[in-house]
Amino acid sequence: MSSISQGAFRRAVVGLAGGVSDERIVRLTASLARLQRAELVGVHVVEIDWTLPIDADVAGRSEEAQRVLDMAERTAEEVGQKLQPVLLQARDVGAALVDEASERDADLLVLGLPYRKKFGGDFAIGRTIPYVLKNAPCAVWVIREPIIEERS
Amino acid sequence: MSEDRPLRGRKLADRRVRVDRPHQPFFRYAGPGQLVAREAASRPTTAVGRAWARLKSTAIGRPLANEEEIGERLAKKKALAIFSSDAISSSAYATEEILRVLLIAGAGAFIWSVEVAVAIALLLGVVSLSYRQVCRAYPSGGGAYVVARENLSQLAGLVAAAALLIDYVMTVAVSTASAVAQVVSVEPGLYGVRIEIGVAVIALITVANLRGLRESGNVFAIPTYLFIGLTLLMVGLGLVRVMMGDAAPVAPQPDALRAGTEGIGLLLLVRAFAGGSVALTGVEAIANGVPAFKPPEARNAAATMTTMAILLAVLFVGITVVADAYQIMPTMEGGQTVVVLLANAVFGGGSLLAVGFAVATALILFLAANTSFNAFPRLAAILAEDGFMPRQFSFKGDRLAFSWGIVLLGGIAAGLLVAFGGETHALIPLYSVGVFVCFTLSQIGMVRHWFSVREAGWRWRATINAVGAVLTAVVLIVVASVKFWHGAYLVVILIPILVAMMLFIDRQYRSTAAQLAVAPDRVVKPTRRDHRAVVPVAGIDRATIQAVNVARSISDDVLAIFIAQDPVRATEMRARWEAQLPHVPLVVIESPYRALTGPLLAYLEVLDRNWPGERGVPVTFVVVPEFVARTWWERLLYNQSVKRLRAALVGRPHTVVVDVPYRREDPESTPDTGRSAGGSAVSRPDPPAAT
């Protein structure tokens with residue numbers, strides 16, 4: 001844990017939400033991973049509601065889900081780091097991320113925290129981040145999106 | 001599609017499924033409905049293809065992606081080595097060309113060599129100033145061709161392009177021949193294999209260039225800078241000795257050329273000037289290759305042009321001054337070159353520096369060819385994009401180099417070297433005419449350019465170009481008239497031939513494009529057209545049945561045609577066909593002259609004529625069963641007639657040829673006819689239709 005606190009890790013799982021913060025968190029994590037020759041796994045989870053079976057053919061048919069992972073892979077390659085893309089279907093994104101990180105013996109889980117301008121602006125913390133913070137067996141980095149102040 | 005069963009999570013209800021991504025090894029999604037192919041998608045699938053790819057990768061390196069192009073761009077130092085090795089290397093033989101002419105008036109005429117060299121250096125100054133402006137005004141490259149095309153006419157542009165293309169081929173041949181002469185100077189025993197050495201070197205430079213710009217820059221930078229350094233040292237030391245009065249005249253070699261007794265006159269000086277003007281060859285290469293520079297491309301190219309011109313002028317005039325002071329006499333073909341004799345005189349014969357200089361000179365002369373390997377393919381690519389050369393020349397190869405141009409240049413230059421017996425002086429007359437055609441056209445074009453844009457400083461820029469145009473035009477006339485009967489007439493013949501060829505290609509592309517054009521505002525509606533399928537068969541086997549099934553999926557109107565060479569076989573075939581494939585009509589054509597393709601084509605004609613005229617001509621799908629051979633020798637045994645048939649059908653109006661390959665490994669290729677009349681449908685995969 002002490003090495004993580006100094007920014008060192010050997011395998012990181014990056015949760016990809018498909019939003020604007022994906023590129024930022026992948027670029028940052030990939031740059032750090034490259035420095036210490038760490039492994040990087042990009043995980044995108046497609047949530048399947050209870051009306052469908054968990055193995056329904058949903059994510060495989062989704063171009064958007066594929067694109068999220070391909071863009072992350074490309075971003076990592078731009079900084080010279082390999083990223084292993086993983087596409088999951090699950091009932092709950094947070095649980096799937098934690099389980100995947102746990103199974104892969106990752107020592108770091110990275111998530112992006114988007115900022116929404118609607119209704120006066122707030123961070124969309126949602127359910128996933130609190131779940132991961134509470135349950136992840138490894139260190140968790142939550143990378144906040146910068147707040148762009150509007151000039152009056 | 002999920003990978004396998006759901007994976008269990010840490011908690012009971014937390015299950016997840018990993019989803020397969022079959023596209024991932026081959027493609028990457030870049031946007032909605034938009035895929036980008038990865039390297040694996042281009043990887044060959046056959047054993048022969050893989051072996052070829054491995055060989056290619058070993059020789060020229062791994063394939064580069066488009067986005068790696070910027071990494072292949074050249075910094076100024078490398079660009080100087082790549083684009084200026086031609087110009088700078090001409091200082092190794094330009095002085096000798098002057099001395100050879102002046103020798104006609106005796107060794108005393110050598111005193112004029114310095115004046116001639118200075119005059120050429122002044123011309124170089126004007127030309128390089130002008131090309132600096134070309135770099136800035138036309139940053140997309142193309143040099144004289146683009147300048148002449150944009151400002152004069154398409155024809156003028158093509159004349160410049162043809163002259164440039166000839167010039168680049170000549171540069172490779174002349175530089176290589178000259179480099180081999182340099183090697184022979186040091187090791188006369190190699191004279192007998194000079195052509196083989198030259199061809200081998202051209203082959204090596206070709207491969208190095210196929211590896212891409214950056215790598216060839218790495219390989220070629222060291223010899224260029226070594227030559228520049230050693231020549232500057234030789235000139236510097238020589239000048240010091242001259243000033244100190246230590247420069248003792250060098251005794252003529254046993255194989256020295258005999259001095260003539262002709263009087264020195266203006267004509268002789270003009271001829272010497274024409275001979276020495278080879279020093280200007282290669283000056284335009286930077287202007288042709290501006291896009292190869294790192295950003296800001298035009299500025300970097302212009303700066304490199306200035307550095308190159310200064311270096312070339314210093315080296316050329318310096319060598320001429322020192323050679324004059326040492327009274328170096330040129331030798332006969334195969335003997336020591338003037339610069340080697342000079343190096344021996346200055347550094348001491350056999351000294352490390354003298355040998356090093358000879359080696360560096362040979363290397364840079366070899367590398368001068370490399371400048372053309374960068375400029376020729378770029379120009380060919382621009383011409384191909386404009387439709388004046390076959391489109392293949394604009395395609396970039398695995399290493400982002402214009403592979404077609406590189407290979408063509410290597411081939412022609414090697415052929416030229418062999419044809420002229422590897423002799424430098426036999427090749428040089430063909431050389432400088434093309435260069436001065438380009439110089440003149442580009443200068444005139446630039447004058448018109450400045451008059452049309454009239455931006456700040458246009459008057460003095462136009463003046464420089466006008467002076468350059470007059471000077472280079474005069475030199476062109478001199479060079480062409482002096483060297484005309486020595487071989488320059490070939491260039492005068494070749495330029496119109498090349499221009500005519502380019503115009504022909506352009507006309508061909510234009511007429512085809514006009515025939516294929518679809519109006520941009522036309523909305524293409526679905527059309528309904530009658531069609532039928534014809535299956536030529538040679539027997540009943542699995543390949544035939546597969547082809548018949550494909551034909552039935554294309555059209556309801558399916559007809560099998562069997563060309564029989566004897567009536568007994570025809571009867572047997574019909575009986576078996578009607579028993580096994582009763583739902584598909586069979587037409588048997590007896591061919592007493594044993595021809596296969598002719599009767600089939602004739603029958604297709606008959607079918608077309610029998611078609612009701614009011615329904616329009618139908619599309620005929622000729623469905624050809626083809627047995628997929630597993631090895632090279634199987635390929636020789638099977639499908640020979642299929643190839644002939646396909647060749648005969650290609651281009652037939654309203655006809656589509658459909659190949660239906662049958663693989664022995666295909667489990668689903670089992671015939672659907674079962675084992676009725678004849679037991680097993682086939683005992684062996686008979687060669688299909690037409691084997």
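Quick note on labels: first sequence line is chain A, next is B, and so on, each numbered from 1. None of the values given here were measured: they were computed from a predicted structure.
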Peer 1: Could I get the full list of salt bridge (Lys or Arg N to Asp or Glu O under 4.0 Å) partners for A/Glu103, not counting sequence neighbours?
Peer 2: B/Arg16, B/Arg18
Peer 1: When rounded to the nearest 0.5 angstrom, what distance separates CZ in A/Arg67 from CZ in B/Arg28?
Peer 2: 13.0 Å
Peer 1: Quick one: are B/Arg21 and A/Val86 in side-chain contact, heavy atoms under 4.5 Å?
Peer 2: no
Peer 1: Taking all non-hydrogen atoms of both residues, which atom of B/Gly9 and which atom of A/Asp99 are closest, and how far apart?
Peer 2: CA-OD2, 3.1 Å
Peer 1: Out of curiosity, A/Leu87 CG to B/Asp20 CG, how far, rounded to the nearest 0.5 Å?
Peer 2: 9.5 Å
Peer 1: Would you indicate whether the side-chain heavy atoms of B/His23 and A/Glu63 approach each other to under 4.5 Å?
Peer 2: no
Peer 1: Do other residues, nucleotides or ligands put more than 12 heavy atoms under 6.0 Å from the CZ atom of B/Arg299?
Peer 2: no
Peer 1: Only counting residues at least two apart or in another chain, list the ones meeting salt bridge (Lys or Arg N to Asp or Glu O under 4.0 Å) with A/Arg127.
Peer 2: A/Glu47, A/Asp92
Peer 1: Determine whether A/Glu73 and B/Gln24 satisfy the following criterion, side chain to side chain contact (heavy atoms under 4.5 Å, CB included), listing intermediate values before the conclusion.
Peer 2: CA-CA 10 Å; A/Glu73 196 186 8; B/Gln24 200 219 342; 3.5 Å; yes
Peer 1: Does A/Arg144 have more than 12 heavy atoms from other residues, nucleotides or ligands lying within 6.0 Å of its CZ?
Peer 2: yes
Peer 1: Over all heavy atoms of both residues, which pair between A/Leu88 and B/Val19 is shortest? Give the atoms and the distance, please.
Peer 2: C-CG2, 4.3 Å
Peer 1: Got a donor-acceptor contact below 3.5 angstrom from the A/Asp70 side chain to the B/Tyr29 backbone?
Peer 2: yes
Peer 1: Determine whether more than 12 heavy atoms belonging to other residues, nucleotides or ligands lie under 6.0 Å from atom CZ of A/Arg104.
Peer 2: yes
Peer 1: Among A/Val68, A/Val43, A/Val98, A/Leu69, which residue has the highest count of heavy-atom pairs closer than 4.5 Å to chain B?
Peer 2: A/Leu69
